[in-house]
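On a predicted model such as this, the values are computed, not experimentally measured, just so you know. Below, all heavy atoms of this structure are taken into account, side chains as well, without hydrogens, waters or symmetry copies. Order of the sequence lines fixes the chain letters, A, B, ..., with proteins taken first and strands second; residue numbering starts at 1 for each chain.
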There are 2 protein chains.
Amino acid sequence: MSSLAAIAALIGDPSRAAMLQALLPGEALTAGELARVAGIGAPAASSHLKALVEAGLLRVHAQGRHRYFALGGEEVAAALETLLCLARPAVSVRPPWPHGEAFRTGRLCWHHLAGRLGVALHVRLTGDGWLEPAPGGWATTPRGEARFTELGVDLAAARAAPRFACDCMDWSERRPHLSGGLGREITALLLRRRWLNRIEPRSDEALRRRRLECTPEGRRALAAEFGLAA
Amino acid sequence: MSSLAAIAALIGDPSRAAMLQALLPGEALTAGELARVAGIGAPAASSHLKALVEAGLLRVHAQGRHRYFALGGEEVAAALETLLCLARPAVSVRPPWPHGEAFRTGRLCWHHLAGRLGVALHVRLTGDGWLEPAPGGWATTPRGEARFTELGVDLAAARAAPRFACDCMDWSERRPHLSGGLGREITALLLRRRWLNRIEPRSDEALRRRRLECTPEGRRALAAEFGLAA
DNA sequence: CTGAGGCTTCGGGGCTGGCCGAAACAGGCG
DNA sequence: CGCCTGTTTCGGCCAGCCCCGAAGCCTCAG
């Protein structure tokens with residue numbers, strides 16, 4: 001019995017896939033919320049969630065009478081995004097996503113920046129000498145080290161992550177954006193400085209995907225600090 | 001209906017997963033061979049293959065009374081390898097692969113070099129100034145351009161590929177190896193020069209995975225040309 | 001032209017697995 | 001202490017789909 005089949009079959013059920021997609025932004029959701037997202041009853045959801053946790057695709061965190069579920073790790077998020085890259089062409093005939101275009105400009109993938117903004121940042125950081133290739137991903141250049149510190153990026157926290165900086169394929173842009181501890185810390189900084197703002201989901205959005213937009217100040221700052229035209 | 005679920009469900013059936021894994025090395029196999037690999041009859045295999053082709057996971061090439069099936073593209077190979085990365089930890093308790101260790105040193109992924117050799121080469125090329133980051137992957141530096149040409153790598157053929165050079169996650173090493181046209185051309189050169197040799201599958205191997213090994217001459221040459229210690 | 005081999009389509013059987021309702025368990029709250 | 005809510009377990013129903021056998025189409029060999 002191939003374990004490839006076992007993992008893929010877990011993702012392959014519509015209800016479970018809906019739950020996993022709902023968790024892609026990195027938020028933890030309760031069992032009840034996930035049941036509603038998938039459009040099934042609580043019992044069915046419970047059994048699905050149990051299977052996903054046992055396979056390591058999800059992690060649970062019990063808190064009071066709620067149980068919060070989140071993706072099992074960055075590898076899981078990466079696998080889902082890679083599969084979405086395969087899935088997209090098939091749907092592109094009809095509107096590719098209920099809230100399609102809005103997602104492409106900026107959103108959170110796991111805990112790091114994705115969409116056009118994320119890809120543009122990746123191009124800048126790797127092309128302008130902030131980062132240089134390293135085994136398994138990217139390392140800071142001396143220049144990047146200085147610039148990140150100056151900006152207030154917590155490099156120590158970034159280095160404490162399992163991976164410092166690596167590529168994560170962006171399902172809407174089909175080009176990599178920055179993942180790993182550095183991706184997370186940069187994104188945290190951009191949100192802290194209000195250069196990016198979260199867009200609250202509309203009431204008709206079943207999934208709580210976290211879209212992001214540039215503030216006017218952020219637009220100026222990103223141009224000045226990173227040379228982003230966006 | 002989530003298209004993520006549809007794609008994953010296709011990979012999630014044990015018979016189809018076995019076929020896809022058999023095609024991972026990049027070889028094209030006939031419908032009958034794939035039926036044997038999956039351990040099912042010809043009618044069942046035919047219906048599976050039809051579904052996989054319709055979804056774009058496979059391509060067909062009819063030739064005489066045979067129909068040759070191959071993976072639909074590098075994205076498909078990448079998705080399968082990413083999923084295998086997720087699947088591996090679960091199996092690592094028991095022998096992770098029927099022919100585990102032998103696969104780790106060198107093998108073909110799609111048409112490019114994977115395993116320890118592939119990862120080591122990736123580290124060298126990206127770390128020693130042969131390649132530099134470029135949007136969506138890697139580009140040759142002037143020095144790399146000269147060295148590749150000198151070695152006899154067909155850069156024109158590599159540039160004709162949909163992607164010139166990009167990362168492909170290695171499921172056994174969990175670090176990227178070189179994919180895209182350049183990865184294919186380099187691998188072709190290494191085989192042509194007999195620096196790498198294919199190891200013929202043993203008769204008890206159901207899957208025709210293409211393992212690779214260094215020849216003694218190849219070991220010297222790789223050390224001299226690329227600085228590989230392997 | 002005829003036979004053989006590879007592949008596909010069709011029809012039917014069997015079984016896995018996803019869903020729901022009812023009931024039980026657990027934690028918070030008045 | 002009792003109620004409410006969130007979650008899990010159990011039993012049973014049903015659909016989907018995975019498989020095989022039989023039959024037909026196409027290609028190649030002699």
Side-chain angles (χ1 to χ4, degrees), chain A residues 1-23 27-55 57-70 90 206 208, chain B residues 1-23 27-55 57-70 72 87 90 206 208:
Chain A
M1 157 73 82
S2 154
S3 62
L4 171 66
I7 291 287
L10 277 175
I11 309 176
D13 174 76
S15 303
R16 286 191 296 260
M19 295 179 176
L20 290 169
Q21 280 199 45
L23 293 171
E27 259 180 13
L29 299 179
T30 67
E33 287 174 314
L34 289 169
R36 237 165 291 131
V37 163
I40 58 179
S46 176
S47 116
H48 285 312
L49 291 169
K50 184 180 173 190
L52 290 172
V53 168
E54 274 171 5
L57 291 178
L58 295 185
R59 287 188 191 291
V60 212
H61 172 63
Q63 188 173 341
R65 55 184 169 183
H66 294 283
R67 296 187 70 198
Y68 286 91
F69 293 85
R208 295 206 212 155
Chain B
M1 157 72 81
S2 153
S3 62
L4 170 65
I7 292 287
L10 277 174
I11 309 175
D13 174 74
S15 302
R16 285 191 295 260
M19 295 178 176
L20 291 169
Q21 280 199 42
L23 293 170
E27 259 180 11
L29 300 178
T30 68
E33 288 173 314
L34 289 169
R36 237 165 293 132
V37 162
I40 57 179
S46 178
S47 114
H48 284 312
L49 292 169
K50 183 181 173 189
L52 290 171
V53 168
E54 276 172 2
L57 291 178
L58 296 184
R59 287 188 191 291
V60 212
H61 171 64
Q63 187 174 341
R65 54 184 169 182
H66 294 283
R67 296 188 70 197
Y68 286 91
F69 293 85
R208 294 205 213 157

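End-to-end axis angle of the helix from dC1(C)-dG30(D) to dG27(C)-dC4(D), from C1' rotation axes over five pairs per end: 30° (rounded to 10 degrees).
The residue from Val37(A), Asp13(A), Ile40(A) that alone fulfils the side chain to side chain contact (heavy atoms under 4.5 Å, CB included) condition with Met19(A) is Ile40(A).
Taking CG from Leu58(B) and CZ from Phe69(B), the interatomic distance works out to 7.5 Å, rounded to the nearest 0.5 Å. To the nearest 0.5 Å, the span separating CG on Leu20(B) from OG on Ser15(B) amounts to 11.0 Å. Residue Leu52(A) holds its CG atom at 5.5 Å from CG of Leu57(A), rounded to the nearest 0.5 Å. With values rounded to the nearest 0.5 angstrom, His61(A) atom NE2 is found 12.0 Å from His66(A) atom NE2.
Between Thr30(B) and Arg67(B), the closest side-chain pair of non-hydrogen atoms is not below 4.5 Å. Tyr68(A) is not listed as a side-chain neighbour of Val60(A), based on a closest heavy-atom distance of 4.5 Å or more. Between Arg16(A) and Leu10(A), some side-chain heavy-atom pair lies under the 4.5 Å cut-off. Looking only at side-chain heavy atoms (C-beta outward), Ile11(A) and Ile11(B) stay at 4.5 Å or farther from each other.
Between Ala5(A) and Ala17(B), the shortest heavy-atom contact is CB-CB, 3.6 Å.
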Seminar exercise, completed: Readout for nucleotides 2-13 of chain C: B = base within 4.0 Å of protein heavy atom, S = sugar-phosphate only, - = neither; 5' to 3' it is --BBSSBB----
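Taking the 5' to 3' direction, DNA chain D first and last meets chain A under 4.0 angstrom from a heavy atom at dC4(D) to dT9(D).
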